[in-house]
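Order of the sequence lines fixes the chain letters, A, B, ..., with proteins taken first and strands second; residue numbering starts at 1 for each chain.
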Number of protein chains: 2
Amino acid sequence: MKEQLTAKQKKVFDFIKDHIRSENVPPTVREIAARFGYASPGTVQDYLRILKDRGLINIKKNFYRGIELLVPAFGIPVLGRIRAGAPEHAVEDIEEWIDVSGLFPRDNDVFALRVMGDSMEGSGIMEGDLAVVKKQPSAGNNDIVVALMEDEATIKRFKSRGNNVWLEPDNPRYEPIRERAFSVIGKVVGIIRNY
Amino acid sequence: MKEQLTAKQKKVFDFIKDHIRSENVPPTVREIAARFGYASPGTVQDYLRILKDRGLINIKKNFYRGIELLVPAFGIPVLGRIRAGAPEHAVEDIEEWIDVSGLFPRDNDVFALRVMGDSMEGSGIMEGDLAVVKKQPSAGNNDIVVALMEDEATIKRFKSRGNNVWLEPDNPRYEPIRERAFSVIGKVVGIIRNY
DNA sequence: GAGAATACTGTACGTATGTGAACGATGAGT
DNA sequence: ACTCATCGTTCACATACGTACAGTATTCTC
């Protein structure tokens, strides 16, 4: 069995992926046939069988729109090395596929917060970044947390030693916060930045 | 028309969302009925009509599995302000819903790269971060780029003045790169970090 | 030159599915 | 008392859909 897809097979596979991306659901057998001008659903069945044999899709039996991508539809390839030569060659060195939205927990306890200020610059958390936060009432030493001080939310590093807890910025221009009362809203589990 | 959903309506809506999250496709009318023990598809139709009136879903006519969420299924809420009081209250201040994977372009020209080294610390790009890169052969002044130098990929700030182009790290401990040849692979359009 | 894999057409079957209509029960609001 | 939205049932219809099977033609491999 050949591992590589033929050009036509790849086009069918790409169409399924694109359809999921644009319509949020996989296409039906006949929608694929219509897209490529095939007169019969049987043709598409052959393609699907091949894609299934290659491990690219799963087909739920007697399930309408039952084509399941085994590669994340919204994933992007993570490259291990980039080879010299050409950017086109680079894509062959795919280490893994990641679904960006799958990197963060999907609980109802997760929310995002726009970062304000530069008090955490030393940890690479910049103004305008989106901080992904998992709600929890306390934190461990050195965790980066969202804390609430008098109606104001702030991102700082949580410190605890013995019965003592305080907040520390990661920017030498700011002082640790030891005297003011605060409560922990949650722990920062991720940072997302858009240029 | 009331804006708020009743408990049962919310459960139906949540089931649709959960179904998309777990099965990658919206449920059929009868699958919803089966989930809640309804004896008839008509009951579900009523619910769907209500959810549609509330602007939560769209229903494609005569389209199998044609329920379309108008709120991102994999989205997380972005909070504007966090109010004092309780974490539970905070969630009411939702500014918008974002689909994390939708923040980045979905072209085939997008890939990700694991950041190595600390040469861009000053821009908040830390070792271990995932850099999202859009392929392009050149860049503008001050863009953060992925450049290839003798088989080695590196992330630096692209500088151009007149006919002169060079690369600059954002870390005072490193020197600008002016003498070595390099080629631009793409432009860094985002940073993703996981704690 | 035999055999497999690929690439199609055509026809057919059973059914899962969206849709629609008619109707009943309950509870809240005025 | 009356209305109205919500919540539910039953029956029915047309069809979009997955699936299966029987062919044909071309290309590639051994």
Is there side-chain contact between B:L69 and B:P26, with at least one heavy-atom pair below 4.5 Å? no

Output the rounded distance in Å from CG (A:L5) to C1' (C:dT6). 13 Å

Is any side-chain N or O of B:K8 closer than 4.0 Å to OP1 or OP2 of D:dG8? yes

Whole-Å gap separating P (D:dT9) and CZ (B:F36): 13 Å

B:E31 CD - C:dT15 P separation (whole Å): 18 Å

B:K61 side chain near C:dT17 phosphate (N/O to OP1/OP2, under 4.0 Å): no

Measure from CZ on B:R65 to P on D:dT15 and round the result to the nearest Å. 21 Å

Would you please classify the geometry between the B:F182 ring and the B:F158 ring as parallel, tilted or perpendicular, with 30° and 60° separating the classes? perpendicular

Between C1' on D:dA5 and CD on B:Q9, what's the gap in Å once rounded to a whole number? 10 Å

Do A:S40 side-chain and C:dG10 base share a donor-acceptor contact under 3.5 Å? yes

From C-beta outward on B:Y38, which listed nucleotide comes closest to its side chain: D:dT9, C:dT9, D:dA12? D:dT9

Among C:dT6, C:dA12, C:dG18, which nucleotide has an atom closest to any side-chain atom of A:R54? C:dT6

Integer-rounded Å distance: C:dT19 P and B:F63 CZ: 11 Å

Going by heavy atoms in the side chains, are B:K159 and B:L167 under 4.5 Å from each other? no

Parallel, tilted or perpendicular, as decided by the 30° and 60° cut-offs, for the rings of B:Y64 and A:Y64: parallel

Answer yes or no: does atom NZ of A:K60 have more than 12 heavy-atom neighbours from other residues, nucleotides or ligands under 6.0 Å? yes

Quick check on DNA chain D: between A:I59 and B:N62, whose nearest nucleotide comes earlier from the 5' end? B:N62

B:Y64 near the nucleic acid: base, sugar-phosphate alone, or nothing, with a heavy-atom cut-off under 4.0 Å? base

Pair A:D143, A:R157 - check salt bridge (Lys or Arg N to Asp or Glu O under 4.0 Å), show working. CA-CA 6 Å; A:D143 282 354; A:R157 200 170 281 273; over 6 Å; no

Begin from the C-alpha positions of A:R193 and B:R193 and carry the test side-chain contact (heavy atoms from CB on, under 4.5 Å) through to its verdict. CA-CA 9 Å; A:R193 186 181 309 149; B:R193 186 182 309 148; 4.0 Å; yes

For the residue pair B:F15 and B:H19, categorise the inter-ring angle as parallel (less than 30°), tilted (30 to 60°) or perpendicular (more than 60°). perpendicular

Nearest-Å distance for atom pair CD1/C1', residues A:I32 and D:dG18: 12 Å

Heavy-atom contacts under 4.0 Å between residues 43-52 of chain B and DNA chain D, which residues? B:T43, B:D46, B:Y47

Within this structure, what is the CZ-to-P distance between B:R30 and C:dT19, rounded to whole angstrom? 11 Å

Do any side-chain nitrogens or oxygens of A:K60 fall under 4.0 Å of OP1 or OP2 in C:dA16? no

Report yes if a side-chain nitrogen or oxygen of A:T6 is closer than 4.0 Å to either non-bridging phosphate oxygen (OP1 or OP2) of C:dA7; otherwise report no. yes

With heavy-atom distances below 4.5 Å as the criterion, would you say the side chains of A:L5 and A:R54 are in contact? yes

A correct 5'-to-3' footprint of nucleotides 24-30 of chain D, with B, S and - meaning base, sugar-phosphate only and no protein heavy atom under 4.0 Å, is -------

Would B:R65 and A:F63 count as a cation-pi pair here, with the cationic atom under 6.0 angstrom from the ring centre and within 45° of the axis? yes

